Amino acid sequence: MSENTDVPPPSAAPAGGGPQPEPIRFFGTTWVSHDNGYGLRRAGVAVGSLAAAAAGCLVLRFAYQGLAIADVGGFVNILVVAMFAICSAIAFRRTWEGYARRPDPTTEAQLRSLKAIGFVGSLLAYFFRSLTEAPGEKLLRGEYEQAVTQYERRRTSRTGNPAARKKAPGRRSR
């Protein structure tokens, strides 16, 4: 069963099979022409990511209260709060930068645990980006338009029937 059931609209792909747009999570390929409820999806994603960030903060508050009940000391409390704040800030920045350019896969793999700890920052970056566009839309639109331009350039440079070209002098036909 496929996670993404959105099919690109016929106008999204050039005639003759050219490049296909890359789907975005929760949006499919509706970002290409902003159709099929794109605006509602953006609003839903914004509300959902903000609600998930608020729920995450609530869970972190319960964890902090657990530390307070355990009476682990002021130093550990400060350390835990600082860790979550720093990890959230780094996760926010890395997620935000990932919408502008493709991240390095090895660096992303190394920072996976840090981004998991700072998940609130990633959710907030997703929320703020979804207020203006589908997260990652600008990057994918640039790549898609470049691929379409290159495809069209290749197609138009190969005009005419190659079999009908003049044969070079001195060559015999078989």
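Not measured: the values here are computed from a predicted model.
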**Message:** Restricting to non-hydrogen atoms, name the atom on L114 and the atom on C87 that form the minimum distance, rounded to 0.1 Å.
**Reply:**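 Between these two residues, the closest heavy atoms are O-CB, 3.9 Å.
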**Item:** Smallest separation among heavy atoms of S122 and T95, with atom names
**Value:**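 Reported closest heavy-atom pair: OG-OG1, 3.0 Å.
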**Item:** Non-hydrogen side-chain atoms of L140 and P21 separated by less than 4.5 Å
**Value:**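 No, their side chains stay 4.5 Å or more apart.
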**Backbone N/O of V32 and side chain of R141: donor-acceptor pair under 3.5 Å** =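 Yes; judged by distance alone, with no hydrogens or angles, the pair exists.
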**Message:** Using a strict threshold of under 4.0 Å (side-chain N to carboxylate O), is an ion pair present between E108 and R112?
**Reply:**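 So R112 does not pair with E108 through a salt bridge.
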**Request:** Run the salt-bridge test on E143 and R102 with the 4.0 Å N-O cut-off and return the result as yes or no.
**Result:**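 A salt bridge is present here (some side-chain N lies under 4.0 Å from a carboxylate O).
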Supply the atom-to-atom distance [X] [atom1] to [Y] [atom2], rounded to the nearest 0.5 angstrom.
X    : Y    : atom1 : atom2 : result
T29  : Q20  : OG1   : CD    : 8.5 Å
N77  : Y64  : CG    : OH    : 4.0 Å
R42  : F26  : CZ    : CZ    : 15.0 Å
E22  : I24  : CD    : CD1   : 8.0 Å
D104 : Q110 : CG    : CD    : 8.0 Å

same_hphob_cluster([X], [Y]) at 4.5 Å side-chain heavy-atom cutoff:
X    : Y    : answer
F119 : V45  : no
L131 : L124 : yes
W31  : F127 : no
L123 : I117 : yes
M83  : L60  : yes

**NZ/K115: more than 12 non-hydrogen atoms of other groups inside 6.0 Å** =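 It does: K115 NZ has more than 12 such atoms within range.
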**Message:** Tell me which one of V81, V80, I86 satisfies side chain to side chain contact (heavy atoms under 4.5 Å, CB included) with F84.
**Reply:**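 One option only clears the test, and that one is V80.
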**Request:** For the residue pair Y38 and F27, categorise the inter-ring angle as parallel (less than 30°), tilted (30 to 60°) or perpendicular (more than 60°).
**Result:**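 Plane angle between 30° and 60°, so tilted.
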**Message:** Just by distance, no angles: are the side chains of H34 and E137 close enough, under 3.5 Å, to form a donor-acceptor pair?
**Reply:**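 Short answer, yes.
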**Message:** Test side chain to side chain contact (heavy atoms under 4.5 Å, CB included) on Y99 and Y126; report intermediate values, then the result.
**Reply:** CA-CA 9 Å; Y99 298 138; Y126 203 82; 2.9 Å; yes
